[in-house]
Asks: 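Here it is, the structure, as structure tokens.
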Amino acid sequence: MPKINESFQPKNELNGEVGIVGFGPAGMFAALRALELGLKPIIFERGKDVRSRRRDLAILNKESIVNPESNYCIGEGGAGTYSDGKLYTRSKKRGDVQRTLEWFVQFGAEDDILVDAHPHIGTNKLPQIIVAMREAILENGGEVHFESKITDFFSENGKITGLEINGKEKRNFENVILATGHSARDIFDLIHKKGWQLNAKSFALGVRIEHPQELIDKIQYHGRVNDDFIPPASYSLVTQVNGRGVYSFCMCPGGIVAPCATAEGEVVTNGWSPSKRNNPFANSGIVVSISPDDLEDKSPFACLNFQKEVEQKCWEMAGKEQKVPAQRLLDFIEGKQSKDLPISSYQPGMTSLDLNEVLPKIISDNLKEAFLSFGEKMKDFMTNEAVIHAPESRTSSPIQVPRGKDLQHPDVKGLYPCAEGAGYAGGIISAAIDGMKCVDEIVKKEYFYYFYKKNR
Ligand SMILES: Cc1cc2nc3c(=O)[nH]c(=O)nc-3n(C[C@H](O)[C@H](O)[C@H](O)COP(=O)(O)OP(=O)(O)OC[C@H]3O[C@@H](n4cnc5c(N)ncnc54)[C@H](O)[C@@H]3O)c2cc1C
């Protein structure tokens with residue numbers, strides 16, 4: 001059994017508070033770290049607890065009704081809860097990655113994630129781990145408030161002084177970690193209204209492709225399929241088209257394509273898989289990098305507006321429900337609407353459209369060239385058995401909330417823009433690490449002596 005070196009060790013006494021906005025991986029790990037360093041974490045999460053959230057997801061999948069306060073991105077555990085739970089990261093800090101994985105194990109994940117090259121938890125197992133983390137936070141003196149949306153920030157003389165909750169209640173804080181994820185568009189608007197800096201940020205947008213898993217197994221295992229000793233195969237593809245990166249994103253073997261819109265009037269896809277990865281489909285985002293320089297709009301909202309326009313157009317063209325515009329892969333390359341569509345795992349349904357007419361040219365043209373190059377790398381990837389769903393658009397934040405070396409916002413001290421929503425993380429592990437890092441900075445600033453003498 002792999003050994004746990006860095007277990008979660010809360011302090012008995014808490015001195016001082018930190019406000020944490022958002023209970024995704026960043027907010028959760030920030031709270032756990034705060035308890036280790038003797039700070040009381042007070043968490044505000046606009047969504048519901050995991051169990052109540054599950055009901056809203058069933059309604060979204062079956063009835064196409066999007067609850068803006070409870071969906072695949074909003075609620076306890078954040079976008080990470082009903083995700084695939086792949087725990088790979090490009091983060092270079094091995095020690096931080098290891099500690100994060102060890103805490104996952106301590107709260108209920110299988111210990112093989114400590115040694116796997118590509119650790120994965122699965123959607124079915126994540127919720128109970130998240131509940132165990134929440135219970136530990138409560139037992140050790142933290143507060144977790146669900147259905148508590150931060151609607152305003154209070155500040156004086158360039159320093160944060162408090163938070164407004166649900167448009168009425170106020171709580172005072174000198175330090176606030178802002179871990180609201182890439183879908184908190186109202187938080188970006190709020191920061192902008194306050195006159196605090198925001199920057200447009202590069203991101204990526206494209207489609208989610210789905211193949212039969214057996215076909216991907218055949219390609220990757222050179223014809224060897226239905227073998228109990230080998231896991232469902234995955235792939236990772238990347239190419240440059242006209243100097244622009246096009247790549248596979250969040251590949252889910254044995255997975256499901258999920259409706260990840262966070263408001264009515266838009267369609268968004270992503271993917272997840274259960275721990276056994278035993279669904280008959282393999283899905284992956286195939287996305288094209290977009291930079292602010294590609295767009296005429298020069299405002300901080302340029303990339304966000306581009307993202308929104310695509311999501312709204314998909315919704316309008318597919319029938320103003322959660323149906324997704326879809327096309328067989330070879331038909332997309334040939335620019336013809338598919339006469340029929342294969343079975344897809346996307347539950348709310350598909351509308352057959354030519355995605356060349358749905359997606360902006362900068363996306364569709366680059367996607368087509370990239371697919372041809374992927375077909376050369378992976379024989380049989382290019383098949384009309386594959387169906388593409390549009391759009392895959394929430395790959396990372398299209399806005400960066402700036403922060404200095406001390407991780408505070410340059411215009412408002414005490415505000416710590418954190419993790420994916422602020423543009424400093426992409427994925428569960430890097431978000432969790434960034435949450436912990438923000439707490440370390442707060443403690444360093446506020447409790448210099450305490451931090452260095454007692455915790456090093
Ligand atoms: C379907 C799906 C599958 C994914 N699969 C993987 C995967 O396999 N591996 C991986 O590494 N990553 C995966 N991701 C991405 C991963 O989930 C995110 O990178 C990660 O959750 C980001 O963490 P975060 O804490 O920064 O933000 P989030 O997880 O987005 O959490 C932000 C939280 O803030 C809350 N919030 C927003 N605004 C407010 C407000 N005003 N007041 C209070 N609370 C607010 C939100 O409700 C949310 O709970 C997946 C995402 C999705 C949607």
Side-chain angles (χ1 to χ4, degrees), residues 19-31 43-50 53 57 67-91 97 100 118-123 126 130 144-153 163-167 176-191 208 234 249-253 255-262 268-273 277 283-285 392-397 417-435 438:
I20 299 176
V21 190
F23 201 40
M28 288 190 305
F29 278 77
I43 298 149
F44 301 99
E45 166 54 54
R46 69 189 270 184
K48 303 177 185 174
D49 66 276
V50 272
R53 200 177 162 192
L57 296 187
N67 179 345
E69 304 305 333
S70 183
N71 48 60
Y72 276 96
C73 296
I74 305 289
E76 183 174 24
T81 308
Y82 298 100
S83 76
D84 198 30
K86 286 183 287 294
L87 302 178
Y88 349 138
T89 175
R90 271 173 283 172
S91 176
V97 174
T100 312
H118 293 110
H120 166 248
I121 294 181
T123 308
L126 281 159
I130 286 161
V144 182
H145 302 276
F146 292 116
E147 300 183 62
S148 297
K149 182 173 172 176
I150 295 311
T151 42
D152 206 354
F153 304 112
L163 296 170
E164 182 190 74
I165 304 125
N166 293 330
V176 168
I177 295 178
L178 186 67
T180 43
H182 58 32
S183 294
R185 291 173 172 171
D186 39 7
I187 287 288
F188 298 137
D189 287 337
L190 179 58
I191 293 175
R208 189 151 279 260
S234 63
F249 170 80
C250 184
M251 198 268 148
C252 302
I256 298 283
V257 180
C260 291
T262 51
V268 177
T269 62
N270 207 311
W272 59 265
S273 63
R277 291 183 154 164
N283 71 65
S284 174
E392 170 88 23
S393 50
R394 306 276 174 100
T395 48
S396 70
S397 180
C418 179
E420 187 153 57
Y424 301 101
I428 296 169
I429 294 289
S430 62
I433 290 173
D434 203 51
C438 287

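Whatever order the structure lists ligands and atoms in, that order sets their numbers, starting from 1. By convention here, the first residue in the shown sequence is residue 1.
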Asks: Which atoms form the tightest heavy-atom contact between Val257 and Arg208, and what is the distance?
Replies: CG1-CD, 4.0 Å
Asks: Does any part of the side chain of Ile165, heavy atoms only, come nearer than 4.5 Å to the side chain of Thr151, both counted from C-beta?
Replies: no
Asks: Relative to the heavy atoms of Lys149, which atoms of ligand 1 are at a distance of less than 4.0 Å?
Replies: 41 (N), 42 (N)
Asks: Work out which heavy atom in Ile130 is nearest to a heavy atom in Glu76; give both atom names and the distance.
Replies: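 For Ile130 and Glu76, the tightest heavy-atom pair comes out as CG2-CG, 3.6 Å.
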Asks: Can you find an N/O atom of Ile74 closer than 3.5 Å to an N/O atom of ligand 1?
Replies: no
Asks: Which of the numbered atoms in ligand 1 are under 4.0 angstrom from any heavy atom belonging to Gly271?
Replies: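 Counting atoms of ligand 1 from 1, those under 4.0 Å from Gly271 are 1 (C), 2 (C), 3 (C).
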Asks: Going by the atom numbers of ligand 1, which of them fall below 4.0 Å from some non-hydrogen atom of Gly22?
Replies: 33 (C), 34 (O), 35 (C), 44 (N)
Asks: For ligand 1 and Ile428, I'd like to know whether there is a polar contact (N/O to N/O, distance under 3.5 Å).
Replies: yes
Asks: Any N or O on Ala258 sitting closer than 3.5 Å to an N or O of ligand 1?
Replies: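 Between Ala258 and ligand 1, no N or O pair is found under 3.5 Å apart.
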Asks: Compare Lys86, Met28, Glu45, Glu76 and give the one whose heavy atom is closest to atom 9 (N) of ligand 1.
Replies: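 The option holding the nearest heavy atom is Lys86.
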Asks: Using the ring of each side chain (for Trp, its six-membered ring), is Tyr82 parallel, tilted or perpendicular to Tyr72, with breaks at 30° and 60°?
Replies: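 Perpendicular.
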Asks: Below 4.0 angstrom from a heavy atom of Ile187, which ligand 1 atoms are there? Numbered from 1 as shown, please.
Replies: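 Reading through ligand 1 atom by atom, the close ones are 41 (N).
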Asks: Pick, from Gly435, Ala79, Cys252, the option with the minimum heavy-atom distance to atom 17 (O) of ligand 1.
Replies: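 Going through Gly435, Ala79, Cys252 one by one, Ala79 has the nearest heavy atom to atom 17 (O) of ligand 1.
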Asks: For Thr123 and Ser83, which heavy atoms make the closest approach, and how far apart are they?
Replies: OG1-O, 2.6 Å
Asks: Ala419 heavy atoms, cut-off 4.0 Å: which ligand 1 atoms fall inside?
Replies: 26 (O)
Asks: Taking N or O atoms only and a 3.5 Å limit, does Gly75 qualify as a polar contact for ligand 1?
Replies: yes
Asks: Evaluating non-hydrogen atoms only, which member of Arg185, Arg53, Arg46 is closest to atom 44 (N) of ligand 1?
Replies: Arg46
Asks: Can you find an N/O atom of Tyr82 closer than 3.5 Å to an N/O atom of ligand 1?
Replies: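 No; the residue has no nitrogen or oxygen that sits under 3.5 Å from a nitrogen or oxygen of the ligand.
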Asks: Quick one: closest heavy-atom pair of Asn270 and Cys260, and the distance?
Replies: CB-SG, 3.5 Å
Asks: Using a strict 4.0 Å cut-off to heavy atoms of Ala179, name the atoms of ligand 1 that fall inside it.
Replies: 32 (C), 33 (C), 34 (O)
Asks: Could you tell me whether the side chain of Ser148 and the main chain of Arg46 form a donor-acceptor pair under 3.5 Å?
Replies: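 Side chain of Ser148 to backbone of Arg46, a donor-acceptor pair under 3.5 Å: no, none is there.
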Asks: Ignoring hydrogens, just give me the one of Ser397, Ala26, Ala425 whose non-hydrogen atom is nearest atom 25 (O) of ligand 1.
Replies: Ala26
Asks: Do the charged groups of Glu69 and Lys149 touch, with an N to O distance under 4.0 Å?
Replies: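 So Glu69 pairs with Lys149 through a salt bridge.
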Asks: Where is the tightest heavy-atom contact between Cys438 and Ile177, given as atom of each residue plus distance?
Replies: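 Looking at all heavy atoms of both residues, the shortest contact is CB-CD1, 3.9 Å.
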Asks: Contact between ligand 1 and Phe44 is defined here as a heavy atom of the residue under 4.0 Å from a ligand atom; is it met?
Replies: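 The answer is yes: ligand 1 sits under 4.0 Å from a heavy atom of Phe44.
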Asks: Would you say the side chain of Arg277 lies within less than 4.5 Å of the side chain of Cys252, judging by non-hydrogen atoms?
Replies: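 No, every pair of side-chain atoms sits at 4.5 Å or beyond.
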Asks: Is there a nitrogen or oxygen of Gly427 sitting under 3.5 Å from a nitrogen or oxygen of ligand 1?
Replies: yes
Asks: Would you say that Ile150 contacts Thr180 through its side chain, given a criterion of any heavy-atom pair below 4.5 Å between the two side chains?
Replies: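 Side-chain contact under 4.5 Å: no.
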Asks: Is a donor on one side and an acceptor on the other found under 3.5 Å between the side chain of Ser430 and the backbone of Ala425?
Replies: no
Asks: Can you name the atoms of ligand 1, numbered from 1 with element, that are less than 4.0 Å from a heavy atom of Ala184?
Replies: 37 (C), 38 (N)
Asks: Could you tell me which atoms of ligand 1, counted from 1 in the order shown, lie closer than 4.0 angstrom to a heavy atom of Cys250?
Replies: 5 (N)
